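Structure, as structure tokens:
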Amino acid sequence: MFYFPNKSRRRGGVWDWKKEEGGEEMMEKARETLSLGAEESERVASLDVRPHRAGDAASFYEGFALRGIRVDRIQRGSLSCTFKVPPRLTDVSGNLSAGAIANLVDEVGAAAIHADGHHMKVSVDMSISYMSTAKVDDELEITSSVLGHKGGYSGTYVLLRNKTTGVIVAEGRHSLFGNLKSKI
């Protein structure tokens with residue numbers, strides 16, 4: 001459970017946990033929750049993460065987060081993918097994590113921009129509605145379409161749906177920006 005302190009107790013825009021009743025205990029609980037045990041530390045230490053040069057190949061992050069995604073259909077301004085939820089991207093409840101969903105919205109939305117004939121851009125804003133959960137081994141259909149372009153800005157819409165049940169897992173709107181070509 002998260003605790004959001006009363007704004008009246010903020011000092012200079014920062015929560016002063018030392019002056020909050022029970023603040024010491026809350027901070028200790030947070031430290032315990034965020035600390036790694038011996039098993040977790042060992043698993044992280046055993047990861048083989050090599051230096052990455054942009055553009056050479058997929059990075060460790062891309063390989064970890066997107067391994068298993070399959071592009072089923074691509075056309076100008078839209079694409080459709082299939083993704084089977086792997087255990088590595090689930091939370092403690094066994095659901096596809098919110099961060100993994102956000103990453104899929106980001107990556108598949110950016111891919112739609114690229115499919116529309118535009119160069120790669122950076123994410124500026126994402127708005128995601130989490131509608132239901134997806135469990136390990138659920139197969140998701142992820143569709144993305146370009147909403148439009150204005151100057152260097154582009155917008156996409158991404159929908160994640162359980163392929164078996166048809167239930168919407170999440171939907172997101174994604175804004176991206178890229179430098180305009182120089183007129184010099």
Side-chain angles (χ1 to χ4, degrees), residues 2 4 7 13 49-184:
F2 291 98
F4 296 98
K7 285 187 177 181
V49 181
R50 297 184 179 157
H52 176 256
R53 290 186 65 156
D56 282 352
S59 67
F60 170 81
Y61 169 77
E62 292 164 330
F64 182 81
L66 297 175
R67 186 176 48 229
I69 197 164
R70 185 181 72 229
V71 177
D72 298 322
R73 181 182 47 81
I74 186 166
Q75 57 191 40
R76 189 160 185 87
S78 70
L79 63 113
S80 178
C81 304
T82 304
F83 186 69
K84 188 174 180 182
V85 177
R88 70 180 181 277
L89 298 180
T90 58
D91 59 19
V92 294
S93 302
N95 299 319
L96 182 63
S97 73
I101 291 171
N103 181 67
L104 288 167
V105 169
D106 184 30
E107 294 289 342
V108 177
I113 296 292
H114 199 60
D116 200 35
H118 289 259
H119 59 282
M120 295 310 271
K121 300 181 177 194
V122 296
S123 298
V124 176
D125 182 55
M126 285 192 297
S127 173
I128 303 169
S129 297
Y130 298 91
M131 315 291 257
S132 67
T133 59
K135 296 284 188 188
V136 171
D137 292 331
D138 281 356
E139 195 168 31
L140 303 180
E141 177 185 39
I142 307 167
T143 56
S144 177
S145 55
V146 174
L147 296 174
H149 306 283
K150 178 84 173 176
Y153 285 95
S154 298
T156 64
Y157 174 76
V158 181
L159 184 71
L160 286 81
R161 181 187 307 266
N162 185 309
K163 205 167 186 175
T164 305
T165 65
V167 173
I168 295 174
V169 174
E171 64 177 0
R173 291 185 182 263
H174 185 201
S175 302
L176 302 101
F177 180 78
N179 289 334
L180 299 172
K181 301 258 185 212
S182 174
K183 295 180 182 179
I184 300 176

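Start at 1 with the first residue, then count along the sequence. Predicted model only: the values in this text are computed from it and were never measured.
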- Note on the structure: The salt bridge (Lys or Arg N to Asp or Glu O under 4.0 Å) partners of R70 (sequence neighbours excluded) come to D72

- side chain to side chain donor-acceptor pair (under 3.5 Å) contacts in which one or both residues fall within residues 97-112, not counting sequence neighbours: Y61-N103, D106-S123, D106-H174

- Item | Heavy-atom pair of closest approach, residues R73 and S78 | NH1-OG, 3.7 Å

- side-chain contact (heavy atoms from CB on, under 4.5 Å) involving T143 - partner list, sequence neighbours excluded: S80, E141, L159

- Task: Please examine the side chains of L104 and V158, heavy atoms only from C-beta on, and report whether any two atoms are closer than 4.5 Å.
- Result: no

- Item | Closest heavy-atom pair and its distance - A170, I128 | CB-CG2, 4.3 Å

- Item | With sequence neighbours excluded, residues passing side-chain contact (heavy atoms from CB on, under 4.5 Å) with S129 | M131, E171

- Query: What pairs with K84 under side chain to side chain donor-acceptor pair (under 3.5 Å), at least two apart in sequence or on another chain?
  - Reply: none

- Message: So which atom in G172 and which in V105 form the shortest heavy-atom distance, rounded to 0.1 Å?
- Response: CA-CG1, 4.3 Å

- Item | Minimum-distance pair of heavy atoms, taken over all atoms of A112 and S144 | CB-OG, 3.2 Å

- Message: I need the L79 CG to H114 NE2 distance, nearest 0.5 Å.
- Response: 11.0 Å

- How long is the gap from CG on L96 to CD1 on I101, to the nearest 0.5 Å? 4.5 Å

- Taking side chain as C-beta onward, heavy atoms only, is V108 less than 4.5 Å from L160? no

- Message: Taking side-chain contact (heavy atoms from CB on, under 4.5 Å) as the definition, give me every residue that meets it alongside H149, ordered by chain and number, with sequence neighbours left out.
- Response: I113, D116, H118, K121, V146, S154

- Query: How long is the gap from CG on D125 to OG on S127, to the nearest 0.5 Å?
  - Reply: 7.0 Å

- Item | Distance in Å, F83 CZ paired with I69 CD1, rounded so as to fall on 0.5 Å steps | 6.0 Å

- Item | Heavy-atom closest contact (V169 atom, N162 atom, distance) | CG2-N, 4.0 Å

- Query: With K135, which residues qualify under side-chain contact (heavy atoms from CB on, under 4.5 Å), at least two apart?
  - Reply: N95, D138

